[in-house]
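Protein chains get the first letters and strands the later ones, always in sequence-line order, with residue 1 at the start of each. Not measured: the values here are computed from a predicted model.
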Protein chains: 2
Amino acid sequence: MEEQLKKILLVEDDPNFGIVLKDYLTMNDYEVTHAKNGMEGFEKFKKNDFDLCILDVMMPYKDGFTLAKEIREKNADVPIIFLTAKAMKEDVLKGYKVGADDYLNKPFDSEVLLMKMKAIIQRKATETVADSNEFMFTIGDFELNSKLRFLSYKGQEPEKLSPKENQLLRLLALHVNDLMPRELALTKIWRDDNYFTSRSMDVYIAKLRKYLKLDDKVEILNIHGEGFRLVINE
Amino acid sequence: MEEQLKKILLVEDDPNFGIVLKDYLTMNDYEVTHAKNGMEGFEKFKKNDFDLCILDVMMPYKDGFTLAKEIREKNADVPIIFLTAKAMKEDVLKGYKVGADDYLNKPFDSEVLLMKMKAIIQRKATETVADSNEFMFTIGDFELNSKLRFLSYKGQEPEKLSPKENQLLRLLALHVNDLMPRELALTKIWRDDNYFTSRSMDVYIAKLRKYLKLDDKVEILNIHGEGFRLVINE
DNA sequence: ATATTTGTTAACGTTAGGTTAAACTACACA
DNA sequence: TGTGTAGTTTAACCTAACGTTAACAAATAT
């Protein structure tokens with residue numbers, strides 16, 4: 001197995017700093033894609049599978065948080081590191097809410113960044129079981145394309161799923177016939193585990209059940225106090 | 001389901017700061033053990049299962065890094081957060097080398113600490129989903145799946161078990177044909193051994209007997225004053 | 001004989017989950 | 001500057017699931 005370079009999406013509007021940082025990371029064996037603003041960042045994100053995103057917070061058009069949220073809608077797992085000029089408490093908290101993996105204040109030491117990147121990528125590698133790149137699922141007579149967020153039933157017009165519907169169904173599908181712990185969905189999709197996110201999840205379960213009613217071999221069962229189970233009866 | 005408080009080991013030599021931080025964390029629903037130096041910290045670490053360690057870097061006797069290394073030797077997984085007076089680059093790198101999960105410079109904002117703690121503990125929780133295979137039991141003609149809380153008999157529709165039923169049957173199964181002491185079940189499942197929990201357990205034994213009636217090779221016997229015995233007659 | 005332990009059923013209070021609808025939120029368009 | 005629209009959260013109401021306790025019967029020990 002040959003060593004695969006890790007792919008980094010770097011979104012940084014300051015051209016000088018961006019280029020310097022890109023070169024530095026490239027020298028250190030990362031494959032860097034550089035975007036100059038949030039818009040461009042999102043376009044490039046959609047076209048590629050990245051192992052890590054480094055986002056500047058302060059950017060014209062689309063700031064780092066907004067971009068992060070969009071990225072999260074497409075991919076709940078990819079690690080994100082924020083770069084920010086000064087550490088404002090609100091910023092830090094906001095960052096963690098959208099699922100930041102780390103936070104660096106400019107100016108920062110480049111070696112520290114490298115170290116953090118390494119730690120985070122490794123962490124994700126052990127965490128990610130089979131899930132990351134899989135996006136086609138067969139669920140009874142349904143087909144889920146979680147990249148396009150389509151749920152299609154036999155010949156019928158595919159149902160368009162919202163980001164949350166899609167992520168939840170995908171997570172259930174990854175655990176077919178097995179328990180999908182409530183806590184797992186809440187931490188992976190909602191990034192917070194409290195009464196309200198939990199109720200929100202229940203609402204989405206109801207929505208998914210409605211979609212899946214078409215095929216009565218397929219059902220989502222609850223295991224009281226534990227989580228849900230997507231079962232396919234043969 | 002009862003809420004289990006997360007256990008924190010806080011090692012901080014400054015008595016004032018240590019107590020303030022301990023109180024703050026306690027108020028926020030953590031169970032905090034406070035050690036005043038590295039030595040004491042390691043002793044306490046060995047005696048308990050902690051969900052997270054917060055270590056001051058600068059301490060007499062044994063600094064935070066040395067302590068972290070010792071902790072890592074015993075437990076490669078427990079998350080560690082370092083507290084340090086000023087961000088010296090070498091320190092940060094050293095911290096990441098011993099496997100720090102995060103780093104905070106004093107003075108830091110307490111809300112940020114809380115947020116980081118939450119994020120880190122959740123992260124670890126999802127990592128540890130890869131459970132052991134110790135949840136399938138054969139009991140006569142029954143099959144107990146204690147992960148999905150199913151008790152199935154031959155071709156029949158599986159019986160759904162409540163959490164307590166499941167835990168109790170599992171514990172009995174772990175001691176098949178042998179005594180399962182009353183006290184063991186009470187401390188392991190009910191976490192308290194008194195008249196009422198004991199009566200509650202009797203109620204559950206009755207419920208289990210009802211389920212197990214289907215197979216008359218299987219029975220739960222009482223050993224007066226001692227406990228119960230799940231026997232399988234061949 | 002009588003005190004203690006266990007068997008069993010039913011009632012009760014609490015919490016988790018199912019479902020629908022209303023209220024936000026962020027953006028898109030005009 | 002509103003007006004719509006999709007996505008999501010929050011509220012509300014209801015049912016189901018769970019665990020504890022009480023009450024009484026039966027078994028067992030001393």
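Ring geometry for A:Tyr103 against A:Phe82 counts as tilted: the plane angle lies between 30° and 60°, on a 0 to 90° scale.
Side-chain contact of B:Thr138 with B:Glu143: a donor-acceptor pair under 3.5 Å is present, judged by distance alone. Side chain to side chain, A:Ser162 and A:Arg149 fail the donor-acceptor criterion of an N or O pair below 3.5 Å.
If you take CG of A:Asp202 and C1' of C:dA21, they are 16 Å apart, rounded to a whole angstrom. One can place CD of A:Glu226 at 21 Å from P of D:dA16, the figure rounded to the nearest angstrom.
In this structure, B:Lys164 NZ and B:Met201 CE are separated by 12.0 Å, a value rounded to the nearest 0.5 Å.
Distance from the side chain of B:His224 is smallest for C:dT6 among the nucleotides C:dA16, C:dT6, C:dG7. Listed candidates were C:dT19, D:dT28, D:dT8. Nearest to the side chain of A:Pro163 is D:dT8.
For A:Thr66 and C:dA26, the shortest distance from a side-chain N or O to OP1 or OP2 is not below 4.0 Å. Within the 4.0 Å cut-off from OP1 or OP2 of C:dG7, not a single side-chain nitrogen or oxygen of B:Lys210 is found. Regarding contacts with the backbone of C:dA16, every side-chain N or O of A:Arg182 stays at 4.0 angstrom or more from both OP1 and OP2.
Contact annotation: the side chain of B:Asp192 never approaches that of B:Leu186 to less than 4.5 Å [non-hydrogen atoms, C-beta and beyond].
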Please write out each protein N/O paired with an N/O of nucleotides 9-12 of chain D under 3.5 Å, distance rounded to 0.1 Å.
unit_1 : atom_1 : unit_2   : atom_2 : d
D:dT9  : OP1    : A:Trp190 : NE1    : 3.4
D:dT9  : OP2    : A:Trp190 : NE1    : 2.9
D:dT9  : OP2    : A:Ser200 : OG     : 2.7

Could you go through nucleotides 3-6 of chain D and list every protein N or O atom that sits under 3.5 Å from one of its N or O atoms, giving the distance for each pair?
none

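In this structure, the ring of A:Tyr211 has its center no less than 6.0 angstrom from the ring center of A:Phe142.
Within 6.0 Å of NZ in A:Lys160 there are 12 or fewer heavy atoms belonging to other residues, nucleotides or ligands.
Annotation: proximity of residues 212-223 of chain B to DNA chain D (heavy atom, distance under 4.0 Å) is found for no residue.
Distance alone, capped at 3.5 Å, is enough to place a donor-acceptor pair between the A:Asp51 side chain and the A:Lys7 backbone.
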